[in-house]
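As the structure lists them, so they are numbered: ligands from 1, and atoms in each ligand from 1. Values below: every heavy atom of this structure, side chains too, minus hydrogens, waters and symmetry copies.
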Amino acid sequence: MRLRHKPWAQDYMKEQSSIYIAEPASLKGAWASEFKNGNPIYIEVGSGKGAFITGMAHQHPDINFIAIELFESVAVTIVQKLVETPQSNVRVLTVDAKDLRDYFEKGEVSRVYLNFSDPWPKTRHAKRRLTYKTFLSTYEDILPAKGQIHFKTDNRKLFESSLMTMSAYGMRFDWMSLDLHANEPEDNVRTEYEERFSSMGQPIYRMEATYQN
Ligand code: SAM
């Protein structure tokens with residue numbers, strides 16, 4: 001993701017308080033009150049510019065979606081999309097995935113999506129991959145028993161290492177494709193990176209993995 005410095009992003013987002021949650025720790029255990037309903041909450045970790053989360057929210061009005069994006073300069077694009085086309089079932093957070101326990105109670109999140117996560121190819125950076133065991137433990141602590149991660153990537157090495165870390169963690173694989181677009185499910189919502197890599201002819205890998213706790 002190419003980052004452009006956008007010094008105005010934080011002030012702009014803070015003005016959109018029905019979309020952007022500046023103090024998410026204050027909602028830990030109370031997200032249902034923020035959405036004003038008890039619908040399930042799905043989060044996407046590393047949302048980028050938000051094509052997936054806004055597309056999913058449109059497709060599933062009875063699910064609440066929360067975008068988790070590290071960088072304000074990136075997340076601001078999601079907020080802008082939501083200002084242009086309001087969707088009451090989406091919120092945006094600029095936080096680090098490693099701190100998700102600070103924002104959600106156990107079981108408060110019903111599903112985690114990881115899409116085209118940064119691959120961190122060097123072995124010495126393996127701990128930064130969003131499917132490393134410490135991240136798997138963080139997601140487990142906010143999901144209910146038998147919670148699920150849905151994961152897509154164009155990066156074969158990241159897919160392989162994720163299969164290894166999830167399998168070592170004791171997760172079960174319920175769904176897998178090594179070429180998602182060869183037989184693309186009708187309801188697949190493409191991300192920005194997915195569009196880009198698919199148009200370059202690269203296969204897209206996808207899996208659904210379930211915790212066995
Ligand atoms: N999911 C989008 C897509 O498929 O088009 C964006 C993919 S981009 C390669 C990965 C995104 O994850 C970046 O926007 C990056 O800032 C975000 N990210 C990386 N590490 C993160 C972390 N620890 N917490 C939250 N977001 C993170």
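Under a 4.0 Å criterion applied to the non-hydrogen atoms of G48, ligand 1 contributes the atoms 6 (C), 14 (O). If you number the atoms of ligand 1 from 1 as listed, the ones under 4.0 Å from a heavy atom of D118 come out as 9 (C), 10 (C), 15 (C), 19 (C). Each of the atoms 4 (O), 7 (C), 8 (S), 9 (C), 10 (C) of ligand 1 lies under 4.0 Å from some heavy atom of F116. Atoms of ligand 1 found under 4.0 Å from any heavy atom of D96, numbered from 1 in the order shown, are 22 (C), 23 (N), 24 (N). Shown in contact with E192 at under 4.0 Å from a heavy atom are these atoms of ligand 1, numbered in order with element: 5 (O). The ligand atoms of ligand 1 that sit less than 4.0 angstrom from a heavy atom of T191 are 3 (C), 4 (O), 5 (O). Each of the following atoms of ligand 1 lies closer than 4.0 Å to a heavy atom of V95: 24 (N), 25 (C).
Contacts between E44 and ligand 1 below 4.0 angstrom, taking non-hydrogen atoms only, involve the side chain exclusively. The residue S117 has no part lying near ligand 1, judged by heavy-atom distances below 4.0 Å.
Using modelled atom types, one finds a donor on one side chain and an acceptor on the other under 3.5 Å when comparing N188 with E194. Side chain to side chain, R128 and S117 fail the donor-acceptor criterion of an N or O pair below 3.5 Å. N39 and N89 form no side-chain donor-acceptor contact under 3.5 Å, judged by distance and modelled atom types alone. Side chains of Y20 and T94: a donor on one and an acceptor on the other come within 3.5 Å. Remark: the S137 side chain and the E140 side chain contain no N/O donor-acceptor pair separated by less than 3.5 Å. A donor-acceptor pair shorter than 3.5 Å cannot be found between the side chains of Q80 and Y12.
Judged purely by atom type and a 3.5 angstrom limit, Q148 has no side-chain atom pairing as donor or acceptor with the backbone of R111.
For atom 12 (O) of ligand 1, the candidate residues are P119, S73, G46, A75; the nearest heavy-atom contact is made by G46. Between the choices Y193, F52, F71, the shortest heavy-atom distance to atom 5 (O) of ligand 1 belongs to Y193. Of the candidates L70, L100, T94, L70 brings a heavy atom nearest to atom 25 (C) of ligand 1.
For the pair R196 and Y193, the cation-pi criterion (under 6.0 Å, within 45° of the ring axis) is fulfilled.
Considering backbone and side-chain atoms together, K98 places no N or O closer than 3.5 Å to any N or O of ligand 1. Where the criterion is an N or O separation shorter than 3.5 Å, residue side chain and backbone included, F135 fails it with respect to ligand 1.
Checked for salt-bridge contact, R172 and D174 meet the test: a charged N lies under 4.0 Å from a carboxylate O.
At least one heavy atom of E69 sits less than 4.0 Å from an atom of ligand 1.
When all heavy atoms of I53 and A67 are compared, the closest pair comes out as CD1-N, 3.6 Å.
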